[in-house]
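Presented below is the structure to which this report refers.
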Amino acid sequence: MLLLHDTLAGEVTEFTLRDPGKASMYICGPTVYDLPHLGHGRFTLVFDVLRRYLIFSGLDVTYVSNITDIDDKIIARAAAEARSESAVCEEYEARWWEAMDQLGVMRPDKTPHATDFVDEMVTMINELMARGVAYQTSDGVYLDVSQVEGYGALAGQPLESLKAGARIEEHEEKRSPLDFALWKAAKPGEPRWPAPFGEGRPGWHTECVVMSLDLLGEGFDLHGGGLDLKFPHHENERAQAVALGRPFAAHWAHNGWVMVEGEKMSKSLGNFTSLTDLLEKSDGRAYRLLVLRSHYRAPIEVTPDTIDDAERGLDRLDGIARRLPLKAPTFPVVLSTNDAYDAESVARFVELMDNDLQTPQALALVFDVITRAHSAADANDEGAATMLGNTALLLAGAMGLEARGEAAVVDALTQSLVAERDAAREAKDFARADALRDELTALGWVVEDTAAGTAVRR
RNA sequence: GGCGACGUGGCCGAGUGGUUUAGGCAGGGGCCUGCAAAGCCCCGUACCCGGGUUCGAAUCCCGGCGUCGCCUCCA
């Protein structure tokens with residue numbers, strides 16, 4: 001039984017399912033107006049790990065994550081670069097998926113685009129107006145949060161308290177500074193859709209309510225995203241569903257910040273690093289390892305040092321796959337009772353993951369199993385070594401971490417140096433052998449002697 | 001002003017009332033090796049400060065200090 005922290009409850013609760021055997025997740029996706037940054041990388045990894053763990057546990061998971069393709073920032077960029085909004089969205093959505101693939105994040109089962117759901121959003125806004133909880137102003141349609149039962153539940157603060165701290169600029173037509181736009185009336189030159197309440201475009205908080213309920217149905221299991229979405233984005237989504245009287249997400253999950261030198265990384269602070277940049281410089285698996293290494297709700301520091309550290313950790317994972325003839329699990333990994341695994345380790349893994357995704361300890365467990373596999377191999381106990389090695393690959397794989405044991409692609413020059421070195425060692429010409437090793441090292445290879453002769457890897 | 005998170009050994013980063021304890025990286029010693037590498041074994045000082053509860057607290061409570069965040073767009 002999976003226990004998961006629920007933002008609404010403010011504590012770890014049982015992750016219950018609406019339909020037995022099936023899990024439905026809606027994770028807020030990106031607004032495609034710029035390159036993805038490290039924060040995007042983290043939330044996609046965190047929820048990818050949750051998704052994979054649910055699959056590993058035998059559940060049939062439906063994972064929906066949207067693409068916001070209409071927004072002020074998209075319009076601004078399009079205007080600044082004198083091209084269409086759709087051109088901007090196409091470019092950055094493509095970059096988004098490239099980064100996701102490099103991270104090994106599974107593609108969502110469904111990827112709704114906001115602009116494909118405008119009709120549904122208009123219908124919903126109409127209903128909110130008919131119910132008297134939304135009102136029209138000269139620049140759009142707003143939700144009257146004072147009429148929403150329990151507004152502020154996600155923020156963990158009552159409405160009055162939120163109001164007191166509101167730093168929103170005055171808007172004389174709004175009844176409360178916390179009221180938010182469901183619909184923004186079109187300004188000249190902006191993309192627009194027809195609506196009974198005037199041409200315009202949907203507000204950000206509206207798309208996710210409509211798309212999640214439309215694609216997953218009422219009372220779906222989990223709604224997640226980065227911590228900054230908790231308020232106001234998720235609060236406002238929830239407010240719309242509550243105002244409509246429609247059961248919304250049963251469970252809310254939010255992951256912690258990516259920090260840069262002790263400060264939250266964010267676009268507004270200008271201290272963000274693009275994911276694209278990171279992935280050019282490091283193995284995509286390194287960021288996943290880094291994310292797994294701390295709890296998903298804790299902040300993480302991403303620096304060249306912590307990434308390097310993670311890459312060295314990967315080498316330890318890969319090392320066991322290089323050493324032993326293991327059976328790589330099929331991704332996404334599903335727990336099968338047919339194969340020979342170390343039952344105790346698997347049980348321990350499940351116990352840790354069930355406890356609000358204790359991936360740091362689960363990872364420690366994987367490393368322990370690797371050590372045991374090496375020890376067994378040292379003792380020439382091939383059966384135990386293989387079984388333990390396969391267990392390590394299974395558990396790492398369950399978290400989306402792939403071990404790579406395949407030999408490097410070796411060019412002709414390297415091949416000849418390797419052959420020459422083997423010959424020299426055969427002839428006990430160690431001076432020559434060491435010189436050749438130096439040459440190989442200079443070419444960027446790590447040289448290891450094995451029973452089969454010289455082995456090289458990057 | 002309101003609400004919240006956090007402060008652990010060289011670094012990253014878990015943990016939680018009590019035997020030995022995360023784990024990774026880095027460092028030291030040993031085994032292995034022609035020498036290495038990889039691997040295995042062993043090792044180091046930790047728990048912000050001050051009180052309190054307790055037989056016993058890094059772990060619970062109170063106070064303090066410090067850091068960070070949310071209440072505006074933000075993953």
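Below, read A as the first sequence line, B as the second, and so on, with proteins coming before strands; counting in each chain starts at 1. Quick note: numbers below take in every heavy atom, side chains included, and nothing from hydrogens, waters or symmetry partners.
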N or O in side chain of Arg316(A) less than 4.0 angstrom from rG23(B) OP1/OP2: no
Restricting to nitrogen or oxygen on both sides, can you table the protein-nucleotides 30-34 of chain B pairs closer than 3.5 Å?
from: rG34(B); atom 1: O6; to: Arg425(A); atom 2: NE; distance (Å): 3.2
from: rG34(B); atom 1: N1; to: Asp434(A); atom 2: OD1; distance (Å): 2.9
from: rG34(B); atom 1: N2; to: Asp434(A); atom 2: OD1; distance (Å): 3.3
from: rG34(B); atom 1: N2; to: Asp434(A); atom 2: OD2; distance (Å): 2.6

Thr62(A) versus Asp109(A), side-chain donor and acceptor atoms under 3.5 Å: no
Sugar-phosphate only, base, or nothing, as touched by Pro232(A) at under 4.0 Å among non-hydrogen atoms: sugar-phosphate
Comparing Leu229(A) and Phe367(A) on RNA chain B - which has the more 5′ nearest nucleotide: Phe367(A)
Contacts of type ring-ring contact (aromatic ring centres under 6.0 Å, His included), residue Phe117(A), not counting sequence neighbours: none
Got a list of protein N/O to nucleotides 11-14 of chain B N/O distances below 3.5 Å?
from: rC12(B); atom 1: O2'; to: Arg293(A); atom 2: NH2; distance (Å): 2.7
from: rG13(B); atom 1: O2'; to: Arg293(A); atom 2: O; distance (Å): 3.2
from: rA14(B); atom 1: OP1; to: His295(A); atom 2: N; distance (Å): 3.0
from: rA14(B); atom 1: O2'; to: Gln361(A); atom 2: NE2; distance (Å): 3.4

Sidechain N-carboxylate O distance under 4.0 Å for Arg285(A), Glu402(A): no
Side chains of Thr371(A) and Arg316(A), donor plus acceptor under 3.5 Å: yes
Contacts of type salt bridge (charged side-chain N to carboxylate O under 4.0 Å, His left out), residue Arg201(A), not counting sequence neighbours: Asp72(A), Glu190(A)
Gly226(A) or Asp368(A), whichever maps to the more 5' nucleotide of RNA chain B: Asp368(A)
Sugar-phosphate only, base, or nothing, as touched by Gly319(A) at under 4.0 Å among non-hydrogen atoms: nothing
Spacing between Leu162(A) atom CG and rG4(B) atom C1', to the nearest angstrom: 13 Å
Donor + acceptor pair across side chains of Asp354(A), Tyr53(A) (<3.5 Å): yes
Whole-Å distance separating the NE2 atom of His40(A) from the P atom of rA75(B): 4 Å
Nearest-Å distance for atom pair CG/P, residues Leu292(A) and rG23(B): 18 Å
Sugar-phosphate only, base, or nothing, as touched by Gly256(A) at under 4.0 Å among non-hydrogen atoms: base
Atom-to-atom span, CD of Glu11(A) to P of rG4(B) - whole angstrom: 14 Å
Euclidean distance, atom CZ of residue Arg297(A) to atom C1' of rC70(B) [Å, nearest integer]: 16 Å
Members of residues 278-288 of chain A that approach RNA chain B, where some heavy atom sits under 4.0 Å away: none
Touch class at under 4.0 angstrom, heavy-atom based, for Arg42(A) against every strand present: nothing
Side-chain donor-acceptor pairs of residues 355-367 of chain A under 3.5 Å, sequence neighbours excluded:
from: Asp356(A); atom 1: OD1; to: His5(A); atom 2: N; distance (Å): 2.9
from: Asp356(A); atom 1: OD1; to: Tyr296(A); atom 2: OH; distance (Å): 2.6
from: Asp356(A); atom 1: OD2; to: His295(A); atom 2: NE2; distance (Å): 3.4
from: Asp356(A); atom 1: OD2; to: Arg297(A); atom 2: NE; distance (Å): 3.3
from: Asp356(A); atom 1: OD2; to: Arg297(A); atom 2: NH2; distance (Å): 2.6
from: Gln358(A); atom 1: NE2; to: Asn355(A); atom 2: O; distance (Å): 3.2
from: Thr359(A); atom 1: OG1; to: Leu292(A); atom 2: O; distance (Å): 2.7

